[in-house]
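Throughout, protein chains are lettered first and strands after them, A, B, ... in sequence-line order, and every chain is numbered starting at 1. Note that the structure is predicted; figures quoted are calculated from it, not measured.
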2 protein chains.
Amino acid sequence: MKSDNKISEAVVRRLPVYLRFLNDLQKREIPTVSSQELGQKLDLNPAQIRKDLAYFGDFGRKGIGYDVSYLIEKIRHILKLDQQINVALVGAGNLGHALSNYNAYLKDTMKITAVFDSFAPKVGQQIHSLTVQPMEELESTIRKQGIRIGIITVPDFEAQNVADILVASGIEAILNFAPVILKTPSYVRIHAADFTTDLQSLAYYLQDGREEIEDGKQ
Amino acid sequence: MKSDNKISEAVVRRLPVYLRFLNDLQKREIPTVSSQELGQKLDLNPAQIRKDLAYFGDFGRKGIGYDVSYLIEKIRHILKLDQQINVALVGAGNLGHALSNYNAYLKDTMKITAVFDSFAPKVGQQIHSLTVQPMEELESTIRKQGIRIGIITVPDFEAQNVADILVASGIEAILNFAPVILKTPSYVRIHAADFTTDLQSLAYYLQDGREEIEDGKQ
DNA sequence: TAGATTGTTAATCGATTAACAATC
DNA sequence: TAGATTGTTAATCGATTAACAATC
């Protein structure tokens with residue numbers, strides 16, 4: 001076991017992927033898994049997986065592999081998912097609506113417990129079991145519910161403003177779906193989840209020499 | 001200018017971010033920008049930006065910086081966004097619905113031109129200007145419209161099957177919102193856009209020592 | 001000319017992978 | 001015991017950053 005000196009973001013981002021697959025194994029009642037199997041299923045190098053896990057402790061058994069249930073417990077603890085983490089969603093448009101559906105997926109770990117929108121007609125609407133609240137209530141609700149993570153699904157021109165409010169309300173991390181670079185104090189963690197840049201970078205990998213569609217529907 | 005030997009994915013993923021900001025500058029009629037300014041606004045090292053761009057050509061002018069319009073043109077060409085790229089969306093649920101809204105954002109570059117769903121009652125529904133089609137029409141529509149990129153927004157247990165069909169239909173790249181690792185031939189580019197893993201990795205960065213909410217309600 | 005800023009080389013830093021002793 | 005597989009060190013590979021000559 002190493003001290004938690006500095007775990008790289010790349011490592012941290014793989015942990016949820018491990019967790020997801022382990023949950024799958026558990027559902028299928030598979031008791032044990034090796035780094036080799038994990039690597040094969042997740043398209044990762046087995047040595048990398050062992051190294052990732054070893055940053056946090058000696059979770060495996062030589063000659064055997066990793067106990068699925070035990071490893072799930074450990075990764076959940078590392079990711080702080082062994083306590084409920086409350087999440088606020090800001091922006092009750094189509095995307096916000098879609099994401100609030102994922103409460104089922106996030107199930108026992110995180111939970112979107114509040115939704116906000118600045119557009120008056122949206123306020124008061126029901127999204128599943130939640131009622132859209134006005135921005136004015138954001139800070140008090142965040143503090144009351146102990147919300148620690150915010151999701152931004154407002155239009156680009158509102159995003160920085162919303163981020164500022166979230167930060168002022170004591171939020172510690174933001175998942176940002178708006179296509180802008182947010183400026184926040186360094187103690188606030190930001191992940192960009194912008195779908196348009198994802199899609200545009202994919203275009204780079206398309207095959208060349210197809211400037212025109214050959215069999216265009218003339 | 002270097003040969004396009006092997007451009008790393010990290011570089012390719014930054015290009016749309018540059019493009020987005022440059023579009024902004026253009027709208028504000030700012031004619032020129034230096035790597036230093038870009039770096040400041042995008043939280044990147046100026047040397048990295050110069051290096052990224054230099055992989056593809058000598059786009060700047062010493063002592064001056066980069067001409068905004070010219071650089072936009074160049075990056076659009078590199079990303080193949082100077083031709084229209086048609087995109088298919090598979091899965092007309094909430095998330096699919098939300099993403100099809102972004103056609104406005106993607107505007108003149110990419111365009112979602114077809115939506116599919118396997119659930120019979122969904123078929124025939126209108127999503128903006130598109131009609132949801134049954135999966136049976138996927139291959140023929142993809143070929144007819146010259147669609148080259150697919151977006152997967154179906155539930156996790158359907159995702160691999162959908163990916164297989166997309167690949168068989170000649171798709172070249174996939175943006176996958178389902179929380180699974182897709183297995184595809186190596187010539188098909190996959191980007192994972194799974195919101196749950198994003199969110200879970202954020203939890204890692206929360207401050208410790210807050211196992212219980214201090215001022216729990218009541 | 002003087003000041004600014006590129007493109008690029010060299011230095012640094014960090015992440016991935018290979019290899020293997022330890023051990024179940 | 002023999003086979004499997006971990007945890008970890010060392011080797012490799014790749015990406016970022018610093019520095020600077022070239023030049024607008």
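Around atom CZ of A:Arg61, no more than 12 heavy atoms belonging to other residues, nucleotides or ligands sit under 6.0 Å away.
Of the possible polar contacts, none joining the B:Arg148 side chain to the B:Ile171 backbone as a donor-acceptor pair under 3.5 Å is found.
In this entry the distance linking CD of B:Gln36 with P of C:dT6 reads 9 Å, nearest Å. Across the protein-nucleic acid pair, B:Asp67 atom CG and C:dT6 atom C1' stand 14 Å apart, rounded to whole Å. What separates CG of B:Leu38 from C1' of C:dT5 is a distance of 12 Å, to the nearest Å. If you take CZ of A:Phe56 and P of D:dG7, they are 13 Å apart, rounded to a whole angstrom.
A salt bridge does not link A:Glu9 to A:Arg14: none of the charged nitrogens lies less than 4.0 Å from a carboxylate oxygen. Between B:Arg20 and B:Asp24 there is no salt bridge, since none of the side-chain N atoms of the basic residue sits less than 4.0 Å from a carboxylate O of the acidic one.
In this structure, B:Tyr70 and B:Phe59 have perpendicular ring planes: the angle between them is above 60°, well past the 30° mark.
Secondary-structure stems of DNA chain D, taken as three or more successive Watson-Crick or G-U wobble pairs (i with j, i+1 with j-1) under a 3.5 Å distance threshold, comprise C:3-24 with D:3-24.
Taking 4.5 Å as the limit, some side-chain heavy atom of A:Leu99 sits within range of a side-chain heavy atom of A:Phe177. Side-chain contact between A:Val162 and A:Phe116: absent, with no pair of heavy atoms (C-beta onward) separated by less than 4.5 Å.
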Task: Per-nucleotide protein contact string for nucleotides 14-24 of chain D, where B marks a base within reach and S marks sugar-phosphate only (heavy atoms under 4.0 Å, - for neither) - done: -SBBBB--BBB
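The list of side chain to side chain donor-acceptor pair (under 3.5 Å) pairs with a residue in residues 160-169 of chain A, not counting sequence neighbours, reads A:Gln160-A:Asp164.
Between A:Ser35 and D:dT5 there is no side-chain polar atom (N or O) within less than 4.0 angstrom of OP1 or OP2.
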